[in-house]
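For reference, the structure is listed below as structure tokens.
These values consider heavy atoms only, across backbone and side chains, with no hydrogens, waters or symmetry-generated copies.
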Amino acid sequence: MTACPTGIAHTYMAAEKLAQAAQALGHAMKVETQGSIGAENVLSEREIAEADGVIVAADKDVDLSRFAGKRVLSVGVAEGIHHPERLIRDVLEAPVHRGPAAGAGAGSGDLFGGVGGKERGSVYKALMNGVSYMIPFVVVGGLLIAVSLALGGRTTPQGIVFDSSLWQSVNDIGVIGFTLMIPILSGYIAYAIGDRPALVPGMVGGWVASHGELYDSKAGAGFIGAIATGFLAGYLVLWIKKVRVPDFVRPVMPIIVIPVVATTSLCLFFVYVIGRPIAWVFEHLTSWLGGLTGTSAALLGVVLGLMISFDMGGPVNKTAFLFGAGLVSKNPEVMGMCAAAIPVPPLGQGLATLLRRPLFSAQERETGLAALFMGCFGITEGAIPFAAARPARVIPANMAGGAVAGAVAGLAAVQDNVPHGGPVVAVLGAVEGVPMFFVAIAIGTVVTALTTITLMMAGKGAPAMPAPAVGAAAAGSGVAPAGSVPSAPAAPASAGTASAGSALSGHLTARTVRPQLAARGKEAAIREMAGLLAASGAVTDVDGLVAAALAREELGTTGLGEEIAIPHAKTDAVSEPVVGFARSEEGIEWGALDGTKARLIFMIAVPGAAAGDEHLRILAMLSRKLMDPEFRERLLSAEGEADALVRVLQEVR
């Protein structure tokens, strides 16, 4: 089984290498690929049952439950590409996977037991797992609350109330969605580490973290507490799994013993050890803020803005909010500072996804639109998915924007007469000094967006994690013909092209092929390749294409090894799919896993909207074909103009 979360080239390269090695060693092998197109060549129950072993070359979560009772070897995808022969030999001596019945699962197998795995990658994948499951709860809860406030709410000195039971019910449903958001985040972080036995302690621990009344805190620990309980639950379950128990106890370990012991231990630890300090910090923050009322309004606005934006609904946020809400009747200017800072994180993150779309995934761009909507209604939690995914970049950006918004509102003496924030309170007539209120929000939003983009472009980002490869190998078992690798359907050929039937038909022509690159560095090569693609007439914005390709490189190198690089981009800077190819005589350092310089460089660009999966199929077929040493040699040695290279490339099918 092979897969890749950010692209698919490594997926099919590992599949091809494993299949070739199996054939050379006299073994039969079938390889299941789980690329961006979806699962292909899926292993059947019979094939798994007849296999002598299963190779899992994965840098992301893979469900190993169906391989219970088989010898399973878990490795990183790079191992599948560079050492396939060794893996095939080692899998016959690999330990037997006991399956969920014995308390083992995907989390314990592929995250920490794999050859070539990296701890940073495991932590990142677990965090992303929790974020991906949390996002629907954020969106549904936030949008329902926003709609109920817009259509059924009105302001009173006590806050926004609902005259209609219908809109009150809609609001309550949205609150339930938000309430579940924190346990879901914690639970699925734990699940990614410790598999199913960790789900209950993770979710219950997240619930405890979000309900401060259980440990004498008025706010709770918010999403930061949920991340802590998620990782604590996952690692605790992993530790319990290592405890040796009698054989008769093993069947009940994952369904009774582990969940009960882990849940009880984690929650008591949080309530009596971690929770108490949180409550103490909360009380002293409130007292500290009370001492700031005599200082300048701008300084107080900065402090409140920083706190509001720090944990987006957590204890620090709630401390600032409750401080402002408690002074609504006496000093509405304090609540005005809070109200201006409250919408800045979601509005800023949403604006960032619009300003630099290539830096964000399609899911993040959709979440950004929801965050914009939630920000208008004072729902700071709309920024949590971004903060959970990139805390080191997003939280400082949120705090910078919140501090600016709070300071501007303080200097302008903006007043908010209800304990709520965001543009909605001004629309409903609860704000005095409306123009400056919107100015404060606008400036803070722009600061957050620009800071987020700057930090994302300055850093390298989270490394792209190549995909899992699982191959069922049987020594002479006849599971499948040796070298059985899924064949992605060929992309439809454009009418009237001489290369009908080729995967590159209509996308690559002599105009987008260059026998020799002039560039010596990766960025220069990408710029030169973008200019080459522009000759097709499909590129509407060369600079935009370059930016999108460089942003993709920040997620992880597209240098695939074997002297190959395939930079690619999904961007509105092109009007239709286009492919370019060029050679480099000296080679260009591309950060490939095997240390080779790129001499064969392909560039693929597809439009961001309605691109379908054609570019994924092109990548799949191109990656497989490039694993053929003879094909690579023909590309390197072809003489003459671009037409000679095009004739060789027509073999990609």
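- In Arg583, the CZ atom is crowded: over 12 heavy atoms of neighbouring residues, nucleotides or ligands sit closer than 6.0 Å.
- Qualifying ring pair (Phe, Tyr, Trp, His ring centres under 6.0 Å) partners for Phe360, counting only residues two or more places apart in sequence or in other chains: none.
- Across Tyr133 and Ile184, no two heavy atoms sit closer than the pair O-CG2, 3.5 Å.
- Applying the side chain to side chain donor-acceptor pair (under 3.5 Å) test to Glu523 and every residue at least two apart in sequence or in another chain returns Arg527.
- Scanning all heavy atoms of the two residues, the minimum distance from Ile258 to Lys241 falls at CD1-CG, 3.9 Å.
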Table please: side-chain donor-acceptor pairs of residues 514-522 below 3.5 Å, with sequence neighbours left out.
residue, atom, partner, partner atom, Å
Arg514, NH1, Glu528, OE2, 3.0
Arg520, NH1, Ala518, O, 2.9
Lys522, NZ, Glu553, OE1, 3.4

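- Distance check, rounded to the nearest 0.5 Å: CG of Leu236 to CG of Leu266 gives 7.0 Å.
- Legend: residues meeting side chain to side chain donor-acceptor pair (under 3.5 Å) with Ser536, ordered by chain and number and at least two apart, are absent.
- The aromatic rings of Tyr188 and Tyr191 stand perpendicular to each other, their planes meeting at an angle above 60°, with 30° marking the opposite boundary.
- Between the side chain of Glu563 and the main chain of Arg599, no donor-acceptor pair closer than 3.5 Å is present.
- Counting heavy atoms from C-beta on, the side chains of Thr512 and Phe581 never come closer than 4.5 Å.
- Proximity of Leu43 to Val54: side-chain heavy atoms (C-beta onward) are nowhere separated by under 4.5 Å.
- At least one donor-acceptor pair under 3.5 Å links the side chain of Arg365 to the backbone N or O of Arg357.
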Give the table of side-chain donor-acceptor pairs shorter than 3.5 Å for residues 633-640, with sequence neighbours excluded, one pair per line with atom names and distance.
residue, atom, partner, partner atom, Å
Arg634, NH2, Glu651, OE1, 2.4
Arg634, NH2, Glu651, OE2, 3.3
Ser637, OG, Glu633, O, 2.8

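- Residue Ala549 comes nearest to Met603 through the heavy atom pair CB-CE, 3.7 Å, listed as atom of the first residue, atom of the second, then distance.
- Among all heavy-atom pairs drawn from Glu364 and Thr353, the shortest one is O-CG2, 3.9 Å.
- Gly230 and Ile189 make their closest contact through C-CG2, 3.7 Å (heavy atoms, listed as atom of the first residue, atom of the second, distance).
- A 4.5 Å side-chain heavy-atom check between His568 and Thr558 finds at least one atom pair inside the cut-off.
- Side-chain atoms of Thr557 come within 3.5 Å of backbone N or O of Trp590 as a donor-acceptor pair.
- By the side chain to side chain donor-acceptor pair (under 3.5 Å) test, Arg71 pairs with no residue at all, sequence neighbours left out.
- A distance-only check finds a donor-acceptor pair linking the side chain of Lys70 to the backbone of Ala51 [under 3.5 Å].
- Note that OG1 of Thr452 and CZ of Arg390 are 9.5 Å apart. Values are rounded to the nearest 0.5 Å.
- For Pro201 against Ala233, the heavy-atom pair with the smallest separation is C-CB, 4.0 Å.
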